[in-house]
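Just follow the structure's listing: the first ligand is 1, and inside any ligand the first atom is 1.
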Amino acid sequence: MENKGIADILNVIAQLMSLSDKPTARFEVRAYQKAALTIETLQEPIEDIYKKGGLKELMELPGIGKSIASHIEEYIKTGKIKKYEELKKRYPFDMGSLTTITGMGAKKAILLYKKLGIKNLSDLKKAAESHKISGLEGFGVKSEGAILKSLAIQEASKGRMFIEDALPEAESLINKLAGSGLVEKVMIAGSARRMRETVGDIDILAISKKNEDVMEFFTKMKEVSGIIAKGPTKSTVMLKLGISCDLRVLEPKSFGAAVQYFTGSKDHNIQTRTIAVKKGYKLNEYGLFNRKGRNVGGVEEESIYGKLGLQWMPPEMREARGEVELAQQHKIPTLVERKDIHGDLHTHTRESDGINTLEEMADAARKLGYEYITNSDHTKSTPIANGKDDKGFERILKHVDKLNDQLDGKFTVLKGAECDILKDGSLDLSKKTLKQMDCVLGAVHNNTLMEKKQMTDRIVKALDSGLIHVLAHPTGRIVGKREPYQVDLEKVAEAAERNNVALEINSTRRMDLSDTNIMLVSKYKIMFAIDTDSHRTNDYSFMRYGVGTARRGWLQKDRILNTLPLRELIKRLNG
Ligand code: DGT
Ligand code: CA
Ligand code: CA
């Protein structure tokens, strides 16, 4: 049984229970959501945990109490959860997939089921296309349009996988290949090496003299669900993960050329090939050949770039966005790296919708070598995330003070909030509360279907309040799931510059700002904050994807707020 499968069920139970009028339902909903969150990111199969220590062991997991633990036990033993089966009978529609649509919560989904009999995404598409939804109360032309758009994005992203799902798998595959003793060298190429936010397939390159044995090993790995092609130099398999993987076995003399070629991107390769031709070479995946047909490319990709008169550039830049011209001038910037990061400015705890305590979040960050985190729990206008009001934050801020006292300068938790930017651009906490904080994140979560001008004005007004330090996930998009809201990002960047507000690069599935949006706004004199928006300690590991995206947007260390050591950061936040 997959952890993801059971987490999905718990999430659907939460959604279905949120329809109940029972006063205690809210707490139960949160309990199911938290349990789902925990299970989703477990490093080992939950079944193994259960086998080790039964119910008791399950209840040791954060956010899993007795009743949910017994549901899990029931599922492991019988393949079913009675409570879920009963709820499904009462609400016989596909809540899980309907609520992946922008703006569609459980209440809207049930309304659509009751009024129009919509049971799944294909019913939803038909109803939206024939304009049956815009006439319903609580919907409108705008939300019907948003539904169609959201369906279209899901359609378009089919077959591509989020980098955060694909890269760990790619790494585990190359580690196993390296450990097989059959290869002299093995590495990841393609879009995964370029840290593109989605990956169409995984590309692996290896050097070996034992081609047949390597291919035998590769096609029989336990991650493989089927063999698409098997040959001595190239094999393609389908992975259980739901994505395919190419392995190419090469000779040392063409490895550099293959690395350059298969790292791509295709458009970047077209530009490098054109330069090669102008210099009288022929460049392909086998080498860089001079007029006499001799391979002068060497074994490393650096030498290929060198022969072409190009400075080597990080894979993240290879998207034909001007990097080749920069390389000709030897002006490739030194991009920010994961090791430059000193802390994380966006984290949640159990106080809102996180899993861990403040102490656990601080401790885990300290173990990563960080100097600081911002505690940024949600505010009251996002009740689904258990957002807190001024009074709640009064208590939270005291808690932070107390912890900082205990930490005695060895680590610092900055006081903050992920404060909702309300429909009219006002903020969800009082000025008095916000003024006591070190690092306030402003964020739009609700009423996202506004016209572009209204949304821009709303965010600009919030930034002009002078109370915000970071604008969290500035466009509201979620990769493969949700379109960004309509907003003039350049106007927002202008306001950020005016008010000394950093724009976030949110490293979760939001990946917001995206690489292209970073490029759009980096001409303004603004800082960026690469945050993980962690809801549990494991989430800190998302940081490298945010860093990858920043690198794809050509950002250097001096543009990233959280590369600053604590003292400089505080100066900057106060300035
Ligand atoms: P993906 O898999 O869609 O996420 O993106 P990539 O970039 O990994 O593309 P993929 O796997 O089709 O091919 C790997 C690399 O091989 C690609 O980045 C560049 C190179 N490549 C593939 N097809 C062509 C081509 O037709 N011309 C050139 N110049 N390069 C190609
Ligand atoms: Ca690929
Ligand atoms: Ca490929």
Side-chain angles (χ1 to χ4, degrees), residues 153 155-174 177 186-206 214-215 218-219 221 223-231 233-239 241-250 254-279 281-289 297 301 304-305 308 310 312-321 323-324 327 479-480 509 511 514-516 545 548-549 551-552:
I153 309 185
E155 199 63 38
S157 64
K158 257 194 199 134
R160 297 195 68 83
M161 184 165 280
F162 191 42
I163 181 86
E164 295 180 17
D165 299 323
L167 190 59
E169 175 94 346
E171 286 169 339
S172 135
L173 294 174
I174 63 163
L177 281 162
V186 56
M187 68 176 280
I188 298 168
S191 50
R193 183 172 181 228
R194 302 196 314 279
M195 291 295 267
R196 205 181 144 180
E197 66 190 23
T198 63
V199 168
D201 76 342
I202 294 172
D203 300 283
I204 298 178
L205 306 176
V214 176
M215 291 311 186
F218 175 64
T219 51
M221 290 173 89
E223 289 82 353
V224 171
S225 65
I227 300 170
I228 298 168
K230 188 176 168 194
T233 56
K234 184 190 169 191
S235 293
T236 302
V237 297
M238 191 65 200
L239 299 170
L241 187 68
I243 188 174
S244 65
C245 177
D246 290 340
L247 171 65
R248 290 182 170 83
V249 178
L250 304 144
S254 54
F255 195 68
V259 170
Q260 196 281 325
Y261 182 90
F262 290 111
T263 295
S265 66
K266 192 173 160 183
D267 290 343
H268 172 87
N269 286 354
I270 291 169
Q271 294 188 350
T272 49
R273 197 169 52 208
T274 307
I275 290 176
V277 170
K278 276 193 197 143
K279 290 193 180 290
Y281 293 115
K282 195 177 111 191
L283 175 63
N284 59 28
E285 62 265 53
Y286 303 107
L288 180 68
F289 300 92
E301 65 172 8
I304 292 188
Y305 284 110
L308 297 180
L310 300 174
W312 182 89
M313 74 215 73
E316 293 93 332
M317 291 183 77
R318 302 182 198 170
E319 296 291 347
R321 294 174 183 159
E323 74 281 6
V324 172
V479 177
R509 190 162 191 130
M511 209 54 97
S514 66
D515 54 355
T516 47
Y545 304 102
T549 300
R551 289 166 64 83
R552 288 178 60 81

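- Listed by first and then second residue, the side-chain hydrogen bond (donor to acceptor under 3.5 Å, both in side chains) pairs involving residues 195-206 are R160-T198, E197-R477 (not counting sequence neighbours).
- Between atom CG of residue L308 and atom CD of residue Q260 there is a gap of 7.5 Å, rounded to the nearest 0.5 Å.
- Other residues, nucleotides and ligands contribute at most 12 non-hydrogen atoms within 6.0 Å of the NZ atom of K282.
- Here the options are E323, E316, E319, the test is salt bridge (charged side-chain N to carboxylate O under 4.0 Å, His left out), and the partner is R551; only E316 passes.
- Side chain to side chain, T236 and D246 meet the donor-acceptor criterion of an N or O pair below 3.5 Å.
- Within 4.0 Å of ligand 1, heavy atoms belong to protein residues R160, G190, S191, R194, V199, G200, D201, D203, Y261, F262, T263, G264, S265, K266, N269, R273.
- Excluding waters, the count of protein N/O/S atoms less than 3.0 Å from the Ca ion (ligand 2) comes to 3.
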Without placing hydrogens or testing angles, list every side-chain donor-acceptor pair under 3.5 Å for residues 272-279, not counting sequence neighbours.
from: T272; atom 1: OG1; to: H268; atom 2: O; distance (Å): 3.4
from: T272; atom 1: OG1; to: N269; atom 2: O; distance (Å): 2.9
from: T274; atom 1: OG1; to: I270; atom 2: O; distance (Å): 2.7

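- Expressed to the nearest 0.5 Å, how far CG of L205 lies from CD1 of I174 amounts to 10.0 Å.
- With a 4.5 Å cut-off on side-chain heavy atoms, T516 and R321 count as touching.
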Quiz item: After noting the C-alpha distance and the side-chain angles of E164 and R509, does the key distance pass the salt bridge (charged side-chain N to carboxylate O under 4.0 Å, His left out) rule?
Solution: CA-CA 8 Å; E164 295 180 17; R509 190 162 191 130; over 6 Å; no
